[in-house]
Amino acid sequence: MLRRFASYYKPHKKLFFLDLLAALIVSAVDLIYPLFTQTIINDLIPNAEIRRMVVIALILLGLYFIRASANYFMLTYGHLVGGRIEYGMRRDLFSHLQTLDVSFFDRNKTGQLMSRLMSDLNEISELAHHGPEDIFISSVMLLGSFIILLRINVPLTLITFGLVSLLLVVTMLTRKNMRSASLNVRKVNAEMNARIENALSGVRLTKSFVNEQFEEELFDEVNTTHLGKRFQFFKAMGWFHAGTNLIVDVMSLVILVLGGYFVYLGQINVGDMVAYILYSTYFIAPIRRLINFTQQFLTGMTGFERMVEILEVRPEIDDRPGAIDLSEVEGLIEFDQVTFQYQRDGEDILQNFSLRIEPGRSVALVGPSGVGKTTISRLIPRFYDVASGAVKIDGIDIRDLSIRSIRRNVGMVDQDVFMFYGSIKDNILYGRLDASDEEVIAAAKKANIHDFIMEQTDGYNTIVGERGVRLSGGQKQRLAIARVFLKDPKILVLDEATSSLDNENEKIIQAALTELAKGRTTLTIAHRLSTIVAADEIVVLGDEGILERGPHSELLARDGLYARLYRAQFADLTEEELRGEDSATS
Ligand code: ADP
């Protein structure tokens, strides 16, 4: 863990060593001061050597300017090293999160991940530069003062340094407590973040059900736990600091009493005693520094550990060595005896499912909810891997293809369209980031959303709000379609949301989708049967797999499940519409 932490210093080696050099200068100047004091009291004052005293004062003044510059450097650039290290860690964690599987995000809460990225790493920059500085300065000061103190008086020095070992023991004993308390605080902190994220993103639902009180109670629960865990941490911290400081205080007392006693015995003179006391503060200061460092280290490292925990999660879905780049896509999609579970050894969502969609053709999936229609659509861009069998594009198992090349060629329009906070243009551009303004507009026109956009005061620069809250469901759908027009993939996966739309909107969207599907292999998950009568093949799914398949007219003629579903949905429609001469398909 420490080695991993240290690896983050590498790119900033130069600045970091300069920082340590500045720290060395600061501690060296600190060490010189008592030496001069000793000389002044023992030699210069008794002999009234005013000139030498002035010289010493001038030297000290000069040294203090140097010390001030070193201090400035340490504070500014030392912090910068820490800041850069924190920056590097955040960057690594964020890009690692981008590589993880969809299933990872199914399992983890957004708020918790955010706290690993933010608050858990907050103390890293302090630790990253103060840590080594503290250790370095403290070692120099401890060693320096130990040598100097030995020269003044050996027994006194040995006794005081004996107490240092006691300090080490106490630190070791309390360390574990503090570490686990800090880890607990982080865990509940993450839980609280997740709660807040959840509550804020669901605030509209909360209001509509007038469940504000309930949300407050839920929040209070985690907030109280948080306070409790923090109190445990405060206790551990209290014990640690009070205990270690007590020992340090006793150390000063021992020096004062024993020193006085040695002066009384005539073993040392007053000048030596004063120098001794001054030096002892110089080694007590680094000890206090180390004590503070220990706490900073323990809390900082728990944040680092939590980051590493995520960094060690390997994506299960990754490119095979030598994965092929899919180019010149035909668009043939095959499900070959696919069995699939979301969790290993979990329930089979699909069993020996086979389906073939010829290039440029369209297949619609229908069936009761929960039979696995959406699941099938998620297997095409390889969001999940099959347990057995294979999904193939142009006859190649998608596990042999590079993930980028698969996803570049698959366009999805989801039932629940996601919009990023930003402008309408940004959201369309997401389909192909390097597209020109003209291409964006052309895509919007094809998606039947251009006129709406032009009616907005800011046009394409209109802000859509978080997750697109300022847009209607139909508008979001059309923007999502524009996005896919821009991407221009060979394969389309449409999870229809038309059930939530009014007739007018449905027609506009259906027209855009029909246009989009031209020349592309299309898999549609249909909720409204009226929209799929034109599909080349309709596949009716049940719990046991495919129940019926064929074009609309054939299925109607067969008078099976599909025909029943269809009639039920269109009980109030005319015969022509029932036969599939529905206007929505035109
Ligand atoms: P449909 O689209 O036909 O309504 P889905 O494919 O959404 O059905 O769901 C099929 C089954 O898979 C359901 O039982 C559902 O609970 C389960 N399921 C869907 N998504 C996940 C997921 N991310 N993790 C675990 N189970 C899931």
Side-chain angles (χ1 to χ4, degrees), residues 97-113 194 197-198 201-202 313 315-317 333 335-355 357 362-391 398 403 407 410-418 473 477 480 491-501 513 522-532 535 537-549 555 560-562 564-566 568-569:
L97 281 173
Q98 297 285 334
T99 68
L100 291 178
D101 304 332
V102 174
S103 61
F104 174 83
F105 296 96
D106 289 351
R107 288 192 304 269
N108 287 283
K109 300 183 200 163
T110 311
Q112 283 189 339
L113 295 175
E197 200 270 341
N198 216 20
S201 49
V313 178
E316 283 164 32
I317 295 179
I333 297 174
F335 283 79
D336 185 7
Q337 297 277 325
V338 167
T339 298
F340 174 77
Q341 304 117 17
Y342 276 102
Q343 274 99 29
R344 212 162 284 158
D345 303 322
E347 173 204 7
D348 280 351
I349 307 290
L350 301 173
Q351 251 173 353
N352 295 323
F353 174 79
S354 292
L355 179 72
I357 314 176
S362 61
V363 164
L365 294 176
V366 296
S369 85
V371 290
K373 301 184 295 292
T374 307
T375 305
I376 291 169
S377 74
R378 287 174 183 158
L379 294 180
I380 298 175
R382 202 179 164 202
F383 282 170
Y384 303 91
D385 267 343
V386 299
S388 67
V391 178
I398 57 173
I403 293 173
R407 294 186 187 162
V410 177
M412 303 185 85
V413 180
D414 243 6
Q415 191 169 14
D416 183 17
V417 171
F418 190 90
Q477 280 271 319
I491 297 162
L492 267 189
V493 176
L494 308 175
D495 198 344
E496 285 194 336
T498 43
S499 51
S500 62
L501 298 172
L513 285 176
T522 310
L523 179 74
T524 307
I525 298 165
H527 300 279
R528 264 200 181 182
L529 304 185
S530 64
T531 60
I532 52 153
E537 187 179 31
I538 294 166
V539 172
V540 185
L541 283 176
D543 280 334
E544 309 76 33
I546 297 177
L547 300 178
E548 288 174 14
R549 63 199 304 168
L555 289 182
L561 179 66
Y562 178 77
R564 272 207 307 283
L565 283 174
Y566 194 77
Q569 206 169 71

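Residue numbers count from 1 along this sequence. All ligand and atom numbering here is 1-based and tracks the order in the structure.
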I'd like to check which ligand 1 atoms, numbered from 1 as shown, lie under 4.0 Å from a non-hydrogen atom of Ser369. 4 (O)
Take atom 15 (C) of ligand 1 and look for protein heavy atoms under 4.0 Å from it; say yes if you find one, no if not. no
Sorted by chain and number, sequence neighbours left out, side chain to side chain contact (heavy atoms under 4.5 Å, CB included) with Pro368 holds for Val371
Give me the atom names and distance for the closest heavy-atom approach of Lys109 to Ala194. CD-CB, 3.7 Å
Pick one: which of Ile376, Leu547, Val366 meets side chain to side chain contact (heavy atoms under 4.5 Å, CB included) with Leu541? Ile376
Nearest-0.5 Å distance that lies between atom CG in Asp414 and atom CG in Asp495: 5.5 Å
State, to 0.1 Å, how close Ser377 and Val493 come at their nearest heavy-atom pair, and which atoms those are. CB-CG1, 3.3 Å
Which atoms of ligand 1 are found less than 4.0 Å from any heavy atom of Val371? 3 (O), 8 (O)
What protein heavy atom is closest to atom 9 (O) of ligand 1, reported as residue, atom name and distance in Å? Thr375 OG1, 3.7 Å
Contact region, Asp106 to ligand 1, non-hydrogen atoms below 4.0 Å, reads side chain
Over all atoms of both residues, closest heavy-atom pair of Ile317 and Arg407: CG2-NH2, 4.5 Å
Minimum distance, heavy atoms only, to atom 18 (N) of ligand 1: which one of Phe105, Phe383, Tyr384, Tyr342 is it? Tyr342
Tell me, please: is Glu347 in heavy-atom contact with ligand 1, that is, under 4.0 Å? no
Sorted by chain and number, sequence neighbours left out, side chain to side chain contact (heavy atoms under 4.5 Å, CB included) with Arg344 holds for Glu316
When you measure from atom 10 (C) of ligand 1 to every protein heavy atom, which one gives the shortest distance, and what is it? Gly370 O, 3.5 Å
Between Thr375 and Tyr342, is there a side-chain donor-acceptor contact under 3.5 Å, judged purely by atom types and distance? yes
Does Ile349 approach ligand 1 within less than 4.0 angstrom via side chain, backbone, both or neither, non-hydrogen atoms only? side chain
Can you tell me the protein heavy atom closest to atom 8 (O) of ligand 1 and the distance? Gly372 N, 3.2 Å
Spatial distance of atom CD1 (Ile357) from atom CD (Glu537) [nearest 0.5 Å]: 8.5 Å
Heavy atoms only, cut-off 4.0 Å: how does Arg107 contact ligand 1, side chain, backbone, both, or neither? neither
For atom 3 (O) of ligand 1, what's the nearest protein heavy atom and its distance? Lys373 N, 2.8 Å
Go through ligand 1 atom by atom and flag the ones less than 4.0 Å from a non-hydrogen atom of Arg378. 20 (N)
The protein heavy atom nearest to atom 2 (O) of ligand 1 is Thr374 OG1, 2.5 Å
